[in-house]
Amino acid sequence: MSAAELLFRLGHVGGVSTKAASPWKDLEGGCREARTIQGGDGVQHRPQVCRLLGLVIFHVCETHVFLFQIINNYLDGTQGGAMHKTSPSGMHFRDSKRKVDYVLAYHYRKRLAQHPPGVGPLGMEVIELGPLDAVEEEKRLQREEYERNLVEAGLEIEKDPENKSQGLSFVRIHAPWQVLTREAELLKIKMPTKKMYEITEEGGILKKFNEIWYKLTEPLQPQVPQQENNNMKSLFYPFSREKLYLYNIKDKDTFFDNATRSRIVSKQNSFSVLFVCFFQLLYREWARYGVFYKFQPIDLIRKYFGEKIGLYFAWLGLYTEFLIPSSVVGIIVFLYGCITIESDIPSKEMCDQRNAFTMCPLCEKFCGYWNLSSACATARASHLFDNPATVFFSIFMALWATMFLEQWKRLQMRLSYFWDLTGLEEEEEHPRPEYETKLLQKKLKNKNIATENSNEVRCNLFFLLVLDEKLTWSDRMPGYAANFGLILFMIMLTFSAVFGVIIYRITTAAALSFSTNETTRSNVRVTVTATAVIINLVVILILDEIYGAVAKWLTEIEVPKTEKNFEERLILKAFLLKFVNSYAPIFYVAFFKGRFVGRPGRYVYVFDSYRMEECAPGGCLMELCIQLSIIMLGKQLIQNNLFEIGIPKIKKLFRKLKDERTELKEVDTNQSKDPQQWDLDYALEPFTGLTPEYMEMIIQFGFVTLFVASFPLAPLFALLNNIIEVRLDAKKFVTELRRPDTVREKDIGIWYNILSCVGKLSVIINAFVIAVTSDFIPRLMYQYAYSQNGTMHGFINHTLSYFNVSHLKAGTQPENSPFAQDVLFCRFKDYREPPWSPNQYEFSKQYWAVLSARLAFVVLFQNLVMLLSVLVDWMIPDIPKDISEQIKKEKSMLVDFFLKEEHEKLKLIESFIARDTEKNKSGTKGGKIRAASFSQFNRSPKGSFASFSSQHTEV
């Protein structure tokens, strides 16, 4: 690509991009590289490099201070919900006619002191500036050139006077009709045409059901204005300036809505504001905790924030709605455990003190023999979550996850149709500045160009060479190696933290066992479990914040080409690290704790003195439930709620204190007593993306599905959290954050793939939880293979093995035990041969039979649930039938509409030609020429309506 072609693509005056991406982004790499090569005096020459290119990359061509900051929204009220009435001209320029589409904000500081002028080499006066004055003058020149480029691009600006020695100033931007139409055509934005058609509704039982459902839920509907006729829909078509007659243009000021105007101006590298009436409705009907019971006004959210954020809240709303049936079923399963606890035979046998099950000591020396009936409470509590109903609930939740994803695909398609996203093409993304910088560094290195070369040569090399080059695998290998090594290190760090908590549990349990207090010794297990879970929670919260920053840094050194690639790789890294961090302690309790303990007389020791911890007599499922519930509730309460509320307020307070400390106490005579809307919006937090919002919900989705067999109440707690989360996010977006740029997206992107993977993984994990962690398989095997009467009587005795206490190692026998004189054999939970067997203490036949049954159950459960999931996926079409028919109908109507409009244009031109021929008989020759050109257009098989329309305009 030549330099001239590249200049044309970037915008010949730095203001207009001929493609969707911002024109300034294409030069960020070149300007940044010029700064890098320049060395220590780069600050003096960087603006010259950028001005040489005819553009100013304000956020790259300076060191630390941004020239402009984003103010993305107009809020018709202060934080906390109090409404603030602005002046009528608050949304317009001073002439009260031109609408404010975007606002730029910058800090300025006038020259501190006047220095005596000197005499230059050519006799000119030279004013020496101090270091701070030089930097401020440099930024002022960059701002002026940036504003000049905006004006050259066709935008209109209005500035505040700088009346103080230093302070905050705003630049308001208005996009006139010419700019809006030009950019709408370049971006291929779909706009409503004159044609409207009726949406065909499904008839029969489904229609009646929808009517009944709407009447029942009418009190839950948000009170927002509806269209006059919801059954009528405009036919949309990508905007074209040569086909203005197709569109329903009643008023040029309102033809492009505010979200579209913001999106168009954002491509000019400016920043958006929003409209007041929508904010009032959103705050009243959506962003208050008092309306938690109402449905979300998704269409209004989409009009206000754009499709990308609208899809997030639509997904969150559907996920929350789907949690209702799963919560109900989970409560039923829990109540089933409560009801059947009195009739559970194994629990009754364990609690019966007449069954003298003398158990082996839990530790060396200081722990004595104990009776199994002392663990009665643990056994009864385990039955609440370890019962046959949990198997049904696991199958139900696997199918629930599949149905949720299928229903989301249908809802997503329905929203795409009504939001006119069905034919949305992905806009061509320009390379990121860091990617172009890397390319330029590579080219300079290959060409052996010295750093002393002029800035012009380097930037010309950028023009000529960057877009023809790509980073190869060898260029990316250092970044990939660093990613692999650091991710592996972070995962090992998580495992080390889990192992550290294990050591804490073992050592604390041993220390508490030495206590002389009987109460302390009897509550060792509860104390250790509770404190260890809290430590796990604190470690998870800390590492989550660290991993978020590490994932971003790793993605940056990987140098992805586009912003979309950057976002996807960042999401994958952050999810992998946070997934391991959140679930590693739970995986340990579920699948590893108590598996490598050994047996009496041959225990496994840590550091040669501490025994590996065992599960409770009732199994590890109860401890898994405790671990899961505390981590899940703690993350939701602390990380998802308190952090979201507290951190923005703390940041806002620090920023306010900083501004008050740095700005001088001066009175601005031109400033009105009431602050303008942009003054209020500047105090809000900038929008940082949807990744944190999606991430916390995906992690919660994992808690709900992955280990649901051990905690049936997880969907209920998730539902209660999400009812608050929806309004918390709404309040944050409306009153705490600057309004983000509107982005058109037709799906939720890579998050759907992550959800699908978590859903499939949940089937496997729940199968292993039921088979390995719970006692479901051993109970089933005993009842149908070993029980003499087909009941559960004798199950506890069947699962306990015998150990001869004389075989204990010297120095490990209990010192103070009430059973010491009478105990010959103690019992421990395992399937092993008795001491009188020839193969004493070896695994028995029952052990291998139960192990085989566990593995068989995993295979059967996994394949059965997967088969049912595929069946549900096949039975539910991705695209609703009515939407599919409407899309086909719309395409057909669009063709008919074009043919009809062009046919009318043909008739109009023919009438013009005939009338012109009659009035100008002397000009027959000219008339034939025009008729011939028209006939040639009509006969051309590849003729375009665009050329025809331009001819008609001239006529």
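Just so it is clear, the structure is predicted and the values come from calculations on it, not from any experiment.
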Salt bridge [X]-[Y], side-chain N to carboxylate O under 4.0 Å:
| X | Y | result |
| --- | --- | --- |
| Glu696 | Lys635 | no |
| Glu563 | Arg432 | yes |
| Glu685 | Arg738 | no |
| Asp878 | Lys409 | yes |

Would Trp419 and Asp299 satisfy side-chain contact (heavy atoms from CB on, under 4.5 Å), going step by step from the backbone distance to the final call?
-> CA-CA 8 Å; Trp419 294 352; Asp299 288 329; 2.9 Å; yes
Does the [X] side chain pair with the main chain of [Y], one donor and one acceptor, at a distance under 3.5 Å?
| X | Y | value |
| --- | --- | --- |
| Ser762 | Gly759 | yes |
| Arg476 | Val559 | yes |
| Arg288 | Arg284 | yes |
| Arg414 | Ile883 | no |
| Ser582 | Phe579 | no |
| Ser710 | Leu624 | no |
| Ser496 | Met492 | yes |
| Asn766 | Thr705 | yes |
| Ser416 | Gln412 | yes |
| Arg302 | Leu311 | no |

Going from [atom1] on [X] to [atom2] on [Y], what distance comes out if it is rounded to the nearest 0.5 angstrom?
| X | Y | atom1 | atom2 | value |
| --- | --- | --- | --- | --- |
| Ile626 | Leu628 | CD1 | CG | 11.0 Å |
| Leu637 | Phe643 | CG | CZ | 10.0 Å |
| Leu706 | Ile699 | CG | CD1 | 9.0 Å |
| Ser326 | Leu399 | OG | CG | 12.5 Å |
| Glu568 | Ile750 | CD | CD1 | 5.0 Å |
| Leu384 | Phe711 | CG | CZ | 11.5 Å |

For the pair Phe305 and Phe313, evaluate ring-ring contact (aromatic ring centres under 6.0 Å, His included) and give the outcome as yes or no after the intermediate values.
-> CA-CA 11 Å; Phe305 290 109; Phe313 281 103; 7.3 Å; no
Mind checking whether [X] and [Y] have side chains closer than 4.5 Å, heavy atoms only?
| X | Y | result |
| --- | --- | --- |
| Phe707 | Ile765 | yes |
| Leu621 | Ser382 | no |
| Leu316 | Tyr312 | yes |
| Phe566 | Glu434 | no |
| Asn722 | Met697 | yes |
| Thr691 | Glu567 | yes |
| Lys294 | Gln221 | no |
| Gln639 | Glu545 | yes |

Distance-minimising heavy-atom pair for [X] and [Y]:
| X | Y | answer |
| --- | --- | --- |
| Val858 | Ala767 | CG2-O, 3.9 Å |
| Leu713 | Gly330 | CD2-O, 4.2 Å |
| Gln296 | Gly317 | NE2-CA, 3.5 Å |
| Thr773 | Ala590 | OG1-O, 2.6 Å |
| Ala574 | Met695 | CB-CE, 3.8 Å |
| Tyr293 | Leu220 | O-CD2, 3.4 Å |

So, [X] versus [Y]: side-chain donor-acceptor pair below 3.5 Å or not?
| X | Y | result |
| --- | --- | --- |
| Gln636 | Gln700 | yes |
| Thr402 | Ser869 | yes |
| Tyr435 | Thr562 | no |

[atom1] ([X]) with more than 12 external heavy atoms under 6.0 Å:
| X | atom1 | value |
| --- | --- | --- |
| Met866 | CE | yes |
| Phe489 | CZ | no |
| Phe592 | CZ | no |
| Phe484 | CZ | no |

Tell me if the centroids of the rings in [X] and [Y] come within less than 6.0 Å of each other.
| X | Y | answer |
| --- | --- | --- |
| Phe404 | Trp408 | no |
| Phe499 | Tyr588 | no |
| Phe591 | Phe587 | yes |

Dump the intermediate steps for side-chain contact (heavy atoms from CB on, under 4.5 Å) on Val726 and Tyr289, then the final yes or no.
-> CA-CA 9 Å; Val726 171; Tyr289 294 109; over 6 Å; no
Yes or no on side-chain contact (heavy atoms from CB on, under 4.5 Å) for Leu576 and Lys573, after CA distance, side-chain angles and deciding distance?
-> CA-CA 5 Å; Leu576 174 62; Lys573 292 180 181 65; 5.9 Å; no
Where do Arg569 and Glu556 land on the salt bridge (Lys or Arg N to Asp or Glu O under 4.0 Å) test, with the steps shown first?
-> CA-CA 10 Å; Arg569 296 184 185 188; Glu556 288 174 350; over 6 Å; no
Residues in side-chain hydrogen bond (donor to acceptor under 3.5 Å, both in side chains) with Tyr504, at least two apart?
->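 Listed in chain order: Thr531.
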List for me each residue that meets ring pair (Phe, Tyr, Trp, His ring centres under 6.0 Å) alongside Phe703, sequence neighbours excluded, and say none if there are none.
->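 Testing Phe703 for ring pair (Phe, Tyr, Trp, His ring centres under 6.0 Å), a comparison that skips the adjacent residues, returns Tyr583.
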Determine, step by step, whether Thr494 and Tyr547 satisfy the side-chain contact (heavy atoms from CB on, under 4.5 Å) criterion, reporting the C-alpha distance in whole Å, the side-chain angles of both residues, the deciding distance to 0.1 Å, and the verdict.
-> CA-CA 10 Å; Thr494 301; Tyr547 288 166; 2.6 Å; yes
CA sep, side-chain torsions, deciding dist, call: Trp315, Tyr752, ring-ring contact (aromatic ring centres under 6.0 Å, His included) | CA-CA 10 Å; Trp315 175 85; Tyr752 179 85; over 10 Å; no
